[in-house]
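A short worksheet on the structure shown next.
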Amino acid sequence: MHKIRPFTKLTTVILPLGLLQACSFSDSSISISESIGSSSESSIGSVASSGSSVSSEAASLSKEKKAYRDDVANLTYSVAGSSMTARDFPNALARTAGQFKISNWSQEKATFYGIGKGLKRAGIPKENIARQAFLANVLTANKDALSYIQSGYSH
Amino acid sequence: MTLLNSRRLAACLALALALVSHPTTGVETPAESLEFLYIDANTGGSSGGHTAVKLGDTVYHFQNDEGYTRISREHWKRFRFIYNDVDNRNIHSAHIALRAEDLQRIRDRLSLLFITQNRQVDYLTALERDEAVLDALQSGEPIEVSGIGFFEQRSHESAAYSDLRGGFESTHYPGFINAERRRLRRQLEMLRYRPHAATADLHSDQYPDYLPTFSEEIEDLHAHWFALTAIDKGWPLKNGSLIEAGQLSRRHEKQWLAAYHDQLKAAIIQTLASPYPGSGRSLLLSLARYQAISLSLSSGKRLVLDILSSSFPPSREGLTEEEKPLLRQLITQLQTTLHGLVTRESQHPEPDEANYHQIEVAASELKEAKAGLAQERRLSFAQTEGPPRGAGHAVILNHAMSARQFQTANTAARLRTEQFLQKMQATYRYQLITHNCVTELVSAVNSSFEHADESNALGGHLGPGANQGYIPFRFFELVRRHYRVTGVETLPSYRNQRLTQLTRQDTDWVAIARESNTLTSDIYRPLSGDSAFLMFTENAFWTRPLLGTLNFGYGLAATAAGLFTAPVDEGLLLKEGLFGLLFSVPELGFWNIRKGSFNEMSLGGHSEPN
């Protein structure tokens with residue numbers, strides 16, 4: 001194990017020179033490795049228990065799905081009360097889902113759990129969820145949308 | 001695209017093995033942790049060191065992306081592979097003790113900044129594409145449309161679509177598909193470019209609401225028209241676009257696929273009935289998968305889309321004898337991965353797109369790897385971001401704009417792009433001292449808290465760039481002094497790991513002497529970009545100026561030789577020599593930047609951290 005050497009005045013003088021090349025992108029994109037990486041990671045713990053209720057499912061997502069849910073929650077938190085329209089919010093969801101290789105956000109429960117979580121954070125009362133104009137198309141995209149959102153709101 | 005040459009092949013293997021077997025170290029603590037990371041300097045684009053923050057297995061960091069600071073999010077394993085192994089840099093980690101709710105605040109804040117900036121970057125890309133699409137429309141050149149590359153445009157009466165067609169028309173009226181196709185075609189051909197009003201100032205923490213750009217509208221309309229036409233005419237999947245990934249022998253496997261089939265059908269009908277901006281791409285992907293699963297269920301074989309075939313042609317570069325065993329190892333790894341994924345898929349009680357996609361990826365890469373071995377050629381793997389693209393090309397007519405209007409539109413599109421780029425640069429400007437990877441990270445973390453509560457959360461306050469904190473390693477020192485640090489650890493770089501293995505086995509002075517320089521080292525092979533140097537100085541403090549002097553002399557010799565070889569090597573040796581001189585100077589003053597780096601071949605499956 002290595003230990004960081006204490007900072008010294010000398011290095012303060014030398015280092016700004018090196019800073020000229022700091023913070024650059026690393027050219028190390030390797031598709032197959034990523035795919036193998038995701039293959040070996042995302043399935044771990046992603047098996048939801050069979051027959052579990054909607055509410056317990058919302059609390060027991062896989063690590064990957066939780067990350068997706070949280071991005072959706074932060075998106076929802078950001079746009080709740082903004083000028084985002086019902087027509088455009090699905091587009092925002094699709095872009096967020098795409099980051100996680102999900103193409104059908106409306107078939108993914110974590111989407112709705114995330115919306116619920118974001119609405120709660122934004123201070124929208126639970127009973128007003130269905131009245132949020134920007135959610136109009138989301139609520140019709142999946143027959144269970146509202147119950148999933150409410151479940152996400154509660155966790 | 002990533003062309004998988006011999007170096008990459010070995011790296012892939014290295015990472016594949018590393019990902020599977022990366023042992024847990026002290027730094028890989030449970031998900032609920034916050035760590036500030038300092039990554040040692042090295043030559044090239046990293047001579048100032050780097051800083052990142054790790055939350056569980058996610059790493060956020062800021063990078064200079066052509067003049068503006070871009071937030072990146074990566075999985076810890078990938079981050080570690082790149083910085084620890086390929087870049088050969090020690091990663092130092094300071095663990096911070098904080099409450100779960102404070103950790104969540106930071107996590108949420110960084111996620112919001114990330115998705116917001118990604119949307120802005122996407123918008124900039126789309127604006128840039130407007131110009132290219134306008135040019136193509138005017139000249140009758142084809143434009144790229146995602147999703148259409150999966151299909152063969154010939155009438156086939158694919159049985160897979162009959163129930164979809166029936167289902168769709170029954171919810172509307174007979175002839176609806178044709179009527180809708182005509183409407184979309186008209187709309188597509190009569191679309192005019194209308195420049196968006198200038199956007200207001202950008203905010204880094206407010207997800208923006210942008211209207212679809214002209215190119216996005218064109219692509220979307222075409223994709224929807226294409227989907228309806230494919231359903232109507234029964235367009236099959238392109239020849240060779242399916243891979244057989246085993247038999248569907250078990251009942252629950254078939255049930256799982258049938259359930260996913262139904263889910264895709266619902267999604268297709270829903271998207272066609274209520275399209276939203278940007279839905280065309282996912283619609284076509286769903287349609288392609290729908291057809292693949294229909295064929296799977298009818299044939300009893302697991303058929304998945306080859307997500308690589310439509311992207312790039314096979315490589316023409318030959319495979320060396322040295323690469324063949326690596327490729328065989330990779331194939332074995334991929335077979336294991338695919339088998340594991342198929343097994344796990346059917347364990348999911350409900351269809352799961354992410355798992356299905358992983359099977360597509362593994363099957364596609366396995367097919368390509370086997371083909372590469374059989375044909376003794378290197379591999380081509382497409383770098384896919386987001387779901388499979390299935391990109392194809394289409395010539396789209398435009399009857400709405402005259403040549404003059406096209407010209408006006410192009411000028412407006414260029415202006416609009418420039419304006420937006422300026423806003424991006426103003427909002428996220430990169431500046432050596434005041435806005436770099438460290439200052440932006442500190443600002444981002446601090447902005448997670450209101451009323452300067454970060455002092456309570458983290459144990460202290462650090463202002464962006466204060467006390468020379470704009471220098472990565474100085475910032476790390478400040479973190480250790482001011483935050484509530486519970487432990488500091490170092491993950492050694494690849495070369496240091498290998499050296500530790502050598503000395504652990506025995507105090508083999510011959511081996512140590514051999515590894516002290518670049519001429520005799522077994523671990524390190526000189527690489528372009530590392531600069532010309534003779535002696536490793538990273539682990540030699542008191543003798544560093546002496547070794548630096550040797551390196552300076554070596555750089556001088558390389559520079560002199562480079563003057564002679566410049567006409568034949570395009571100045572490569574000269575450049576390495578000059579950089580060799582430059583990076584020797586800090587060594588004369590006891591400071592080390594240069595450590596050498598590794599590429600895929602030199603890592604070659606030996607990556608065994610700790």
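Keep in mind it's a predicted model, so treat the numbers as computed, not measured. Chain identifiers are assigned alphabetically (A, B, ...) following the order of the sequence lines, protein sequences preceding nucleic acid strands; residue numbering begins at 1 within each chain. All heavy atoms count here, side chains included; hydrogens, waters and symmetry mates do not.
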**Item:** Approximate separation, where rounding is to 0.5 Å, of B/L330 CG and B/E368 CD
**Value:** 10.5 Å
**Prompt:** Measuring heavy-atom distances to chain A, does B/Y356 have an atom under 4.5 Å in its side chain, in its backbone, in both, or in neither?
**Reply:** neither
**Request:** Select one option (side chain, backbone, both, neither) describing which atoms of B/E216 are under 4.5 Å from chain A's heavy atoms.
**Result:** side chain
**Prompt:** Just wondering, do B/Y276 and A/N137 contact through their side chains at under 4.5 Å, heavy atoms?
**Reply:** no
**Asked** Is chain A contacted by the side chain of B/D205, its backbone, both, or neither, given a heavy-atom distance below 4.5 Å?
**Response** backbone
**Prompt:** What residue, out of B/L283, B/T58, B/N118, has the most heavy-atom pairs lying under 4.5 Å from chain A?
**Reply:** B/N118
**Prompt:** Checking heavy atoms, do the side chain of A/K117, its backbone, both or neither come under 4.5 Å from chain B?
**Reply:** side chain
**Request:** Using atom types as modelled and distance alone, determine if a side-chain donor or acceptor of A/E108 lies under 3.5 Å from a backbone N or O of A/I102.
**Result:** no
**Request:** Classify the ring geometry between A/F134 and A/F89 as parallel (under 30°), tilted (30 to 60°) or perpendicular (over 60°).
**Result:** perpendicular
**Message:** If I measure from the heavy atoms of chain A, does B/P275 come under 4.5 Å with its side chain, its backbone, both, or neither?
**Reply:** neither
**Request:** With a 4.5 Å cut-off on heavy-atom pairs, point out which of A/A92, A/A94, A/A67 contacts chain B the most.
**Result:** A/A92
**Fill in**
side chain to side chain contact (heavy atoms under 4.5 Å, CB included) filter on B/S111, not counting sequence neighbours, yields A/D71, A/N74, B/Y60, B/R73
**Message:** If you take the centroid of each ring, where Trp contributes its six-membered ring, are B/Y430 and B/H435 closer together than 6.0 Å?
**Reply:** no
**Request:** Let me know if A/R95 has heavy atoms under 4.5 Å from chain B in its side chain, its backbone, both or neither.
**Result:** side chain
**Message:** Exactly one of A/D144, A/N142, A/I115 should register a side chain to side chain contact (heavy atoms under 4.5 Å, CB included) with A/I149. Which one does?
**Reply:** A/I115
**Fill in**
Most heavy-atom pairs under 4.5 Å with chain A, out of B/D108, B/L112, B/I115, belong to B/D108
**Request:** Against chain A, label B/Q270 side chain, backbone, both or neither, depending on which of its atoms sit under 4.5 Å from a heavy atom there.
**Result:** side chain
